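As the structure is a computational prediction, the values presented were derived from the model and not from experiment.
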Amino acid sequence: QVQLVESGGGLAQAGGSLRISCAASGRTFGDNFMAWFRQAPGKEREFVAGVNWSGITIYYATFVKGRFPISRDNAKNTVYLQMNSLKPEDTAVYYCAATKVVSGTTGIREYEYWGQGTQVTVSS
């Protein structure tokens, strides 16, 4: 069992930055591929970015590539999403998730563990 708790969301202006964090506890954090998803009102939850235990295998959704670098600190059992050049369309609840698929996946159904989410709101 893995417990995930997100933090760091809030309000930002367009063009600004926020960093959100996901603290993991429970079974070995390093075994899991970690990812961020987001869900805007009225829309389906979508993959944003993911990283494997070593930090070498990283996937990004096309719409955030170059703007939202993902990283993890296994010593702190924490994964981060640095959100730069924010746009109003980035407004959503951002969820941290973990999967046992060590090579990584963007498929939402592959993720077994989820956090409660953190709200990110970008004003124009």
Side-chain angles (χ1 to χ4, degrees):
Q1 191 78 4
V2 175
Q3 293 80 41
L4 304 172
V5 179
E6 301 95 336
S7 62
L11 178 65
Q13 291 188 333
S17 298
L18 281 175
R19 188 178 79 158
I20 54 178
S21 303
C22 172
S25 61
R27 61 167 288 173
T28 307
F29 173 71
D31 290 345
N32 295 284
F33 187 91
M34 303 296 296
W36 289 97
F37 287 76
R38 71 183 187 185
Q39 187 167 18
K43 295 187 177 181
E44 294 186 350
R45 194 171 299 187
E46 60 183 357
F47 176 85
V48 176
V51 60
N52 77 329
W53 70 272
S54 68
I56 293 177
T57 300
I58 294 178
Y59 301 139
Y60 290 108
T62 302
F63 56 81
V64 298
K65 198 168 185 178
R67 296 192 298 130
F68 290 9
I70 188 172
S71 61
R72 67 189 288 167
D73 185 338
N74 291 335
K76 296 181 179 180
N77 288 349
T78 301
V79 62
Y80 305 97
L81 188 70
Q82 177 66 45
M83 300 185 291
N84 303 316
S85 302
L86 283 163
K87 305 175 182 179
E89 52 264 43
D90 293 321
T91 295
V93 177
Y94 283 72
Y95 296 92
C96 179
T99 178
K100 297 175 184 176
V101 180
V102 295
S103 59
T105 174
T106 62
I108 190 170
R109 295 182 179 182
E110 302 289 342
Y111 286 82
E112 183 175 357
Y113 305 107
W114 292 87
Q116 294 300 307
T118 185
Q119 176 70 48
V120 171
T121 302
V122 183
S123 62
S124 57

Problem set entry | Validation row: C96, F37 side chains within 4.5 angstrom (heavy atoms) | no
For this session: Evaluate the criterion side-chain contact (heavy atoms from CB on, under 4.5 Å) for residue pair I70 and I58; output intermediate values, then yes/no.
Result: CA-CA 8 Å; I70 188 172; I58 294 178; 3.6 Å; yes
For this session: Would you give the length of the straight line joining atom CD1 of I20 to atom CG of L81, rounded to the nearest 0.5 angstrom?
Result: 4.5 Å
Exercise. Does some side-chain heavy atom of N32 sit less than 4.5 Å from a side-chain heavy atom of W53?
Worked result: no
Problem set entry | E6 side chain to G117 backbone, donor-acceptor under 3.5 Å | yes
Exercise. Is it true that F63 and F68 have ring centroids separated by less than 6.0 Å?
Worked result: no
For this session: Report yes if the side chains of V51 and T57 come closer than 4.5 Å at any heavy-atom pair, otherwise no.
Result: no
Problem set entry | Q116 side chain near L4 side chain, heavy-atom distance below 4.5 Å | no
For this session: Say whether, by atom type as modelled, one donor and one acceptor occur between the side chain of R45 and the main chain of Q39 under 3.5 angstrom.
Result: no
Problem set entry | Sub-4.5 Å side-chain heavy-atom contact between Y59 and F47 | yes
For this session: Give, for atom CD of Q13 and atom OG of S124, the distance between the pair rounded to the nearest 0.5 Å.
Result: 9.5 Å
Problem set entry | Shortest non-hydrogen contact from S85 toward R67 | O-NH1, 2.9 Å
Exercise. Measuring from M83:CE to S17:OG, what's the distance to the nearest 0.5 Å?
Worked result: 9.0 Å
Exercise. V122: what forms a side chain to side chain contact (heavy atoms under 4.5 Å, CB included) with it, not counting sequence neighbours?
Worked result: A14, L86, P88, D90, T91, V120
For this session: Could you tell me the separation between the CD atom of Q3 and the OG atom of S25, rounded to the nearest 0.5 Å?
Result: 4.0 Å
If you look only at distance, which donor and acceptor atoms sit under 3.5 Å apart when one is on a side chain in residues 106-113 and the other is two or more places apart or in another chain?
| residue | atom | partner | partner atom | Å |
| --- | --- | --- | --- | --- |
| Y111 | OH | T105 | O | 2.5 |
| E112 | OE1 | K100 | NZ | 3.2 |

Exercise. Which atoms form the tightest heavy-atom contact between C22 and M34, and what is the distance?
Worked result: SG-CE, 4.4 Å
Exercise. Would a 4.5 Å heavy-atom cut-off, applied to side chains only, mark F33 and N52 as touching?
Worked result: yes
Exercise. From R72 CZ over to T78 OG1, what is the distance, rounded to the nearest 0.5 angstrom?
Worked result: 10.0 Å
For this session: Could you tell me whether the side chain of W36 reaches within less than 4.5 Å of the side chain of V79, counting heavy atoms only?
Result: yes
Exercise. Mind checking what makes ring-ring contact (aromatic ring centres under 6.0 Å, His included) contact with Y80, not counting sequence neighbours?
Worked result: none
Exercise. Has R38 got its NZ or CZ under 6.0 Å from the middle of the six-membered ring of Y95, at an angle within 45 degrees of the ring axis?
Worked result: no
For this session: Please check if V101 and Y60 belong to a single hydrophobic cluster, counting links between Ile, Leu, Val, Met, Phe, Trp and Tyr side chain heavy atoms closer than 4.5 Å.
Result: no
Exercise. When you look at CD of E46, are more than 12 heavy atoms from neighbouring residues, nucleotides or ligands closer to it than 6.0 Å?
Worked result: yes
